[in-house]
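Step one of this worksheet: look at the structure below.
Predicted, not measured: the structure shown is a model, and the values here were computed from it.
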Amino acid sequence: MSPTFHRAARYVKPKPVIMLSRWVWNLQSNSHHVTLSFININLTRATPSETKQQTVEPHKQRLAAETWGAAADEEAGLALSGGISDRTERTFGSAPKEWDSFIGVLRTPLPAAFRINSSSQFYKDIRAQLENDFMKSLQAEASQMVSDGGEAEAIRPLPWYPDNLAWHSNFSRMQLRKNQNLERFHEFLKLENEIGNITRQEAVSMVPPLFLDVSPDHFVLDMCAAPGSKTFQLLEIVYHSSKPGSLPNGLVMANDLDVQRCNLLIHQTKRMCTANLIVINHEAQQFPGCRFNRRHSDTSGTTMEEPVIRQLQFDRVLCDVPCSGDGTLRKAPDIWRKWNAGMGNGLHCLQILIAMRGLSLLKVGGRMVYSTCSMNPIENEAVVAEILRKCGGSVELVDVSNELPQLVRRPGLKKWKVRDKSVWLASYKDVSKYRRSVIVPSMFPSGRSFPDATDNSNQTMEPEERHETGGNANSEDATHSAENSIPSADELDEEVSDFPLERCMRIVPHDQNTGAFFIAVFHKNSPLPMPAGQEKPNCQIEKQNGEPLVDSPNKAIEDSNGLEASPTDVTTDDILAEVAPEADLIDNKPDEVDLVLDLSVASEERNSEAAQVPRSKEPDSTKAGGKRKLQMQGKWKGVDPVLFFRDEVIINSIKTFYGIDESFPLVGHLVTRNLDNNHVKRIYYVSKSVKDVLQLNFSVGQPLKIASVGLKMFERQTSREGSSAPCSFRISSEGLPVVLPYVTKQILHASPVDFKHLLQYKSIKYADFVDSEFGKKASDLMQGCCVVVLRKEGEASSSLIQVDESTIAIGCWKGKASLTVMVAAIDCQEILERLLVRMETAKTEKGSSVTEDEPSKPEADEEKDINDTEKNENKPNMEVDG
Ligand SMILES: C[S@@+](CC[C@H](N)C(=O)[O-])C[C@H]1O[C@@H](n2cnc3c(N)ncnc32)[C@H](O)[C@@H]1O
């Protein structure tokens, strides 16, 4: 092909063909191995009206449009009516049936899935409600779905998820919204999701944390965590079987590079009300090392107290890396159009870097899960193979075929080809020298670099030509004419990997009616080998002038002691800017389609004193707009420092007022983000594990940029009544379950009827309680915050309060004339519903009736306080005082 030909070809009007997707699905069946790599679906471009006339069965088009949204209607029509290219037909050859079921499933809506939060007080009630109520009551709707080609069951537990805690629902979001018969179920999902009792999350996205094998005493690192569905799931596992008032020994550290997405993560995990989480904001491949040695001193020169933990390492690491996202096609139809092989190629090196940093932070004996929502081998098996190559025997790929046996998965690939600019490459030796900084040896199954390889036809182009037609531009179409002159994928000799990559797992949509996911499980046998340093790097990042930018991940990661604090110099911006401009990066769409962005919370944060995370990576105080005064006292610009709260006067006043038992560890567990104790508004509680990590962080000069930490435990009551109370700090709803077993004063037992009235009317005059003795005791309390516990069946009002899993308690305000509930409206609604179910059951069992006098309304002033309180209670936890 002559340069002249190419120059002319640049100006040829593009063919009326949409290269819809260089789809990277690799299907393997038991009987035969069929690889459907990079399937080209060429669709004749049609006008919207032409598209509507295509011969797509109406109900399928409706389903597709419903899944993909109205805006994608045209695209759905195109996809459904598209012819498959010659190559694809050749590739499928012997397995047309599998193609049919694969593409057929892609055309149907992705079923919704959700998980019950097993650390929630009401998780058993919720599971029972699903099993005994909704599974039956929704069945009538299921028969309708069967006639539409759907599954027979309306909802069902996911068979591979332990304890019936994860559920699959065959109703699309549209059906849930529109169908009257589903209204009660829809309301249930909304309420429980908002409260944090359930989390809507795509089924396949729940798989990686399960293979991590987490226990409550593990330190878990979630390297690329936002928007946080897996972080939430990890916390659920860490908290599982924790007793009221006791916190697990473990913790979750959730990191994400993107500040906005960190906000989502904070919002998402706030529903968990946890003291065992630290949210940080770093590039995962640059994750700071924290290792204490005796030389350390703080900025004032004082030698620091030796921390309990001397080095930050993790028992478990989740590496759910940014990827090209082709596995999310069923819920993100724009991927049909956007995806191209360059996206995966552009992320390959970053994925290796992140995974290598994860392994360096993993304890010997620990487990790391690497996952993507892509089926592209360059982002999956190639990354796994490179990790094994670099780590030698220090890391092994775990055979997890006996874990979660009910989860259908396919083995990882041992051979694949690399696609670059419409060219299939079977080996690095086929890579043109002009593409060698972009297409790297680790992308190929053998990982070999072939330094003296001859070049392919591309090399006949002049450099200038190559930059203009190919370079890093996102235009595979522009070079598609080159396809005629190169061997087809079938004609190339394939390399085969020596590593046991069949141990990786590929989850494909048509096996279990899901999205797609890739998962690999690593075990660390010994410290990572010292990097050779001198050896020639094989994962280079090309600068625009063609010079290599970085040479990681061969750079030092771990020293002989297990952890070196100097990770690679490579930044994600470097990689994304320099390597993958062609990757119109689908950057990590939240893989949970139903995550509701509550921007009101984020903006409330921004407007209030609360700013949990910086607004930009390295905010410049001069650009802050003057609205929010940046705290510069911390190590990180724009991020308020996390400080241990040690003000004895305030702590003692709280302890005395609530009679908090000495056995409850307060000192050292309280943190704030305000340097001025007199203006501290919120005091957060951290678990022992988090406290130890914070101490280490201080001791080594605060390398961790902490966006959020701690459970809001005490909040200054600023209302008129609050300022005159003996203790101006109230116990927040989030913190109450943790401190409740230790509270001995300002606490009352209410009968079910009075408790219900409190939740219904929010404020009740003392004289109006059905149980007059309760009303009297309430009026005798000191003015200020108090706790009202629901009295259990057969319990005397005077008996000592015993806290267990079934204990229901709320925070109230003891005013002059009435008792006022200090719980957010939505939480009141949830408790009320659960209470009503219990009372109803008790009534039916006993055949008794309870007198329910209507209590009178509170004074106007007190009612105003209720409203203020509720507004406050809706504020997110862990925010920053300022
Ligand atoms: C696939 S998403 C993670 C989904 C998340 N694990 C969950 O389950 O909700 C990938 C995330 O990686 C983040 N990311 C991209 N580059 C990163 C980097 N270099 N370091 C850390 N996070 C990064 C993105 O902001 C994105 O939130």
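Going from atom CG of Leu425 over to atom CG of Asp430 covers 6.0 Å, rounded to the nearest 0.5 Å. With values rounded to the nearest 0.5 angstrom, Asp326 atom CG is found 7.0 Å from Ile335 atom CD1. In this structure, CD on Gln351 lies 10.0 Å from CG on Leu353, to the nearest 0.5 angstrom. A distance of 7.5 Å separates OG in Ser394 from CG in Leu359, rounded to the nearest 0.5 Å. Atom OG of Ser442 and atom OH of Tyr428 lie 9.5 Å apart (nearest 0.5 Å). With rounding to the nearest 0.5 angstrom, the CZ atom of Phe444 is 7.0 Å from the CD1 atom of Ile378.
When all heavy atoms of Leu347 and Ser324 are compared, the pair lying nearest together is CD1-N, 3.7 Å. Taking every heavy atom of both residues into account, Asp213 and Arg316 meet most closely at O-NE, 3.0 Å. When all heavy atoms of Ala426 and Lys417 are compared, the closest pair comes out as CA-CG, 4.3 Å. Considering all non-hydrogen atoms of both residues, Trp424 and Arg419 come closest at NE1-NH1, 2.7 Å. Cys504 approaches Leu397 most closely through the heavy-atom pair SG-CD2, 4.0 Å. Ile354 and Ala284 make their closest contact through CG2-CB, 3.8 Å (heavy atoms, listed as atom of the first residue, atom of the second, distance).
Inter-residue side-chain proximity for Asp399 and Pro500 is flagged as unmet; no heavy-atom pair is nearer than 4.5 Å. At least one side-chain heavy atom of Val440 sits less than 4.5 Å from a side-chain heavy atom of Cys349. Looking only at side-chain heavy atoms (C-beta outward), Ile387 and Phe522 come within less than 4.5 Å of each other. Between Leu210 and Gln233 the shortest side-chain heavy-atom distance falls below 4.5 Å. Leu234 has its side chain within reach of Leu318: a pair of non-hydrogen atoms, C-beta onward, lies under 4.5 Å apart. Residues Val521 and Met368 fail the side-chain proximity criterion, which asks for heavy atoms closer than 4.5 Å. Side-chain atoms of Asp320 and Met223, non-hydrogen and from C-beta on, never get closer than 4.5 Å to each other. For the pair Cys391 and Met356, the minimum side-chain heavy-atom distance is below 4.5 Å.
Aromatic ring pairs are classed by plane angle as parallel below 30°, tilted from 30° to 60° and perpendicular above 60°; the pair Tyr370 and Phe518 is perpendicular.
Salt bridge annotation for Glu495-Lys415: absent, with no cationic side-chain nitrogen under 4.0 angstrom from a carboxylate oxygen. Salt bridge annotation for Glu381-Arg506: present, with a cationic side-chain nitrogen under 4.0 angstrom from a carboxylate oxygen. Between Asp511 and Arg410 there is a salt bridge, with a side-chain nitrogen of the basic residue lying less than 4.0 Å from a carboxylate oxygen of the acidic one.
Panel note: side chain Asp420, backbone Val423; no donor-acceptor pair is recorded below 3.5 Å. Without hydrogens or angle criteria, Glu386 side chain to Ile352 main chain gives no donor-acceptor distance under 3.5 Å. With Lys338 contributing its side chain and Pro333 its backbone, the two residues share no donor-acceptor pair below 3.5 Å. For the pair Trp416 (side chain) and Met443 (backbone), a donor-acceptor distance under 3.5 Å is present. Within the 3.5 Å criterion, the main-chain N or O of Ala226 finds a donor-acceptor partner in the side chain of Asp256. Within the 3.5 Å criterion, the main-chain N or O of Ile507 finds no donor-acceptor partner in the side chain of Arg409.
When each of Pro208, Ser205, Cys323 is paired with Cys373, the side-chain contact (heavy atoms from CB on, under 4.5 Å) condition holds for Cys323 and for no other. With Asp315 as the fixed residue, the salt bridge (charged side-chain N to carboxylate O under 4.0 Å, His left out) test singles out one of Arg367, Lys363, Lys524: Lys363.
Asn376 and Ser374 form no side-chain donor-acceptor contact under 3.5 Å, judged by distance and modelled atom types alone. Side-chain contact of Ser432 with Arg435: a donor-acceptor pair under 3.5 Å is absent, judged by distance alone. Donor-acceptor pairing under 3.5 Å is recorded for the side chains of Thr231 and Asp222. Between the side chains of Asn513 and Arg330, a donor-acceptor pair is found at a separation under 3.5 Å.
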Start with the C-alpha distance between Phe499 and Arg389, add both sets of side-chain angles, then the distance that settles side chain to side chain contact (heavy atoms under 4.5 Å, CB included), and finish with yes or no.
CA-CA 9 Å; Phe499 293 112; Arg389 216 171 279 130; 3.9 Å; yes

Test side chain to side chain contact (heavy atoms under 4.5 Å, CB included) applied to Asn525 and Val395, step by step:
CA-CA 6 Å; Asn525 295 320; Val395 164; 6.0 Å; no

For side chain to side chain donor-acceptor pair (under 3.5 Å), just list the numbers for Asn380 and Thr372, CA-CA rounded to whole Å, side-chain angles, deciding distance to a tenth of an Å, and then say yes or no.
CA-CA 7 Å; Asn380 296 329; Thr372 71; 2.6 Å; yes

Criterion side chain to side chain contact (heavy atoms under 4.5 Å, CB included) on Leu413 and Leu501, from CA distance to verdict
CA-CA 6 Å; Leu413 305 176; Leu501 298 180; over 6 Å; no

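Surrounding CZ of Arg503 are more than 12 heavy atoms belonging to other residues, nucleotides or ligands, all under 6.0 Å away.
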